[in-house]
Amino acid sequence: MLKTMRKHGVTLALFAAGSTGLTAAIDQMTKTTIADQAALQQKALFDQVIPGDSYNNSLQQSCFLVSDPALGKGQHHVWIAKKDDKPVAAVLEATAPDGYSGAIQLLVGADFSGTVLGVRVTEHHETPGLGDKIELRISDWITHFTGKRIDGATDGHFAVKKDGGDFDQFTGATITPRAVVNAVKRTGLYAMTLPEQLSRLPGCGE
């Protein structure tokens with residue numbers, strides 16, 4: 001009996017070791033593929049908020065971490081676009097904290113002179129049929145930021161029409177678009193300060 005139990009124990013141990021090794025091997029084999037796919041998806045999102053012909057560096061390798069109230073609470077990633085090694089624009093993560101149903105996460109492309117190059121919503125919890133019009137798959141509202149210039153913090157045009165600005169609000173839902181417009185404005189103004197900060201910002205891998 002003891003001999004049989006010992007034999008089964010060795011068999012189970014060998015099986016467990018083999019399964020663990022196989023799992024580790026599969027994980028190692030797929031890790032690179034998963035990372036490559038994630039990088040491609042991120043690049044595709046970048047291409048929606050900044051023209052590909054406006055820079056010639058690798059955005060993903062020019063990443064910095066920023067903590068500034070203009071972008072919302074906590075740390076946000078900022079990617080610097082360069083043309084022939086000269087910084088020309090940035091892609092910035094930003095948070096609109098005052099959405100109707102909570103924080104709205106954004107990706108904003110902007111140059112350093114106050115022009116918004118593109119905006120996309122990456123996460124939100126707004127009401128379906130009302131606030132969700134900030135999503136590109138629902139409406140083209142978010143595309144209306146492209147090419148808009150922010151003329152300083154007091155620029156009254158960079159607001160929803162209900163507040164005297166140029167951007168449409170949604171029927172029955174003003175809070176959501178107001179939150180996004182204000183967040184994009186703050187982000188664009190912050191982007192204008194980036195060139196003088198670059199030498200002091202920590203890299204994403206630091």
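Along the sequence shown, the residues carry numbers beginning at 1. The figures that follow rest on heavy atoms only: side chains count, while hydrogens, waters and symmetry mates do not.
Between Val66 and Leu71, some side-chain heavy-atom pair lies under the 4.5 Å cut-off. Asn56 places a side-chain heavy atom less than 4.5 Å from the side chain of Asp84. In this structure the side chain of Lys148 never reaches within 4.5 angstrom of the side chain of Val184, judged on heavy atoms. Counting heavy atoms from C-beta on, the side chains of Asp168 and Lys161 come closer than 4.5 Å. At a threshold of 4.5 Å between non-hydrogen side-chain atoms, the residues Leu194 and Pro87 do not count as touching. A heavy-atom distance below 4.5 Å is found between the side chains of Arg178 and Lys162. Residues Gln197 and Thr193 form a side-chain contact, since some pair of their non-hydrogen atoms from C-beta on lies under 4.5 Å apart. Taking 4.5 Å as the limit, every side-chain heavy atom of Thr187 sits out of range of all side-chain heavy atoms of Tyr190.
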- Query: What's the verdict on side-chain contact (heavy atoms from CB on, under 4.5 Å) for Thr127 and Thr176, showing C-alpha distance, side-chain angles and the deciding distance?
  - Reply: CA-CA 9 Å; Thr127 307; Thr176 301; over 6 Å; no

- Evaluate side-chain contact (heavy atoms from CB on, under 4.5 Å) for Ile50 paired with Leu59, printing each intermediate quantity in order. CA-CA 11 Å; Ile50 184 170; Leu59 277 181; 4.2 Å; yes

- Task: Under the side-chain contact (heavy atoms from CB on, under 4.5 Å) rule, what do Cys63 and Trp79 come out as? Steps first, then yes or no, please.
- Result: CA-CA 4 Å; Cys63 178; Trp79 296 270; 3.5 Å; yes

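Checking side-chain atoms of Ser101 against main-chain N and O of His125 turns up a donor-acceptor pair under 3.5 Å. Judged purely by atom type and a 3.5 angstrom limit, Asp111 uses its side chain to pair as donor or acceptor with the backbone of Gly114. Here the side chain of Gln169 pairs no donor or acceptor atom with the backbone of Pro177 at under 3.5 angstrom. Here the side chain of Arg149 pairs a donor or acceptor atom with the backbone of Ser113 at under 3.5 angstrom. Looking at Lys43, its side chain never comes within 3.5 Å of a backbone N or O of Gln60 through a donor-acceptor pair. Of the possible donor and acceptor atoms, none in the side chain of Asp151 sits under 3.5 Å from a partner among the backbone N and O of His157. Side-chain atoms of Asp132 come within 3.5 Å of backbone atoms of Gly129 as a donor-acceptor pair (strictly under, hydrogens ignored). Formation of a donor-acceptor pair under 3.5 Å by the Glu93 side chain with backbone atoms of His77 is found in this model.
Note: Phe145 and Trp141 have perpendicular aromatic rings, judged against thresholds of 30 and 60 degrees for the angle between ring planes.
Under the 4.5 Å side-chain heavy-atom criterion for grouping Ile, Leu, Val, Met, Phe, Trp and Tyr, Leu45 is not connected to Ile142 through any hydrophobic cluster. Cluster annotation: Ile80 is connected to Leu201 through the hydrophobic network of ILVMFWY side chains, with a link wherever side-chain heavy atoms come within less than 4.5 Å. Cluster annotation: Val119 and Leu107 are assigned to distinct hydrophobic clusters (Ile/Leu/Val/Met/Phe/Trp/Tyr, side-chain heavy-atom contacts under 4.5 Å, transitive). Leu92 and Tyr55 fall into different hydrophobic clusters, where Ile, Leu, Val, Met, Phe, Trp and Tyr are joined by side-chain heavy atoms under 4.5 Å apart, directly or via other members. Linking ILVMFWY residues whenever their side-chain heavy atoms come closer than 4.5 Å, directly or via other members, places Met192 and Val108 in the same cluster.
Tested against Phe158, the residues Leu189, Val116, Asp163 include a single side-chain contact (heavy atoms from CB on, under 4.5 Å) partner, Val116.
Of the inter-residue distances, the one linking Thr95 atom OG1 with Leu106 atom CG reads 7.5 Å to the nearest 0.5 angstrom.
Qualifying side-chain hydrogen bond (donor to acceptor under 3.5 Å, both in side chains) partners for Gln75, counting only residues two or more places apart in sequence or in other chains: none.
Minimum heavy-atom separation, Ala159 to Val181: CA-CG1, 3.6 Å.
Within a 6.0 Å radius of NZ in Lys83, other residues, nucleotides and ligands contribute more than 12 heavy atoms. Under a cut-off of 6.0 angstrom, the local environment of NZ in Lys133 is crowded, with over 12 non-hydrogen atoms contributed by other residues, nucleotides or ligands. Surrounding OH of Tyr100 are at most 12 heavy atoms belonging to other residues, nucleotides or ligands under 6.0 Å away.
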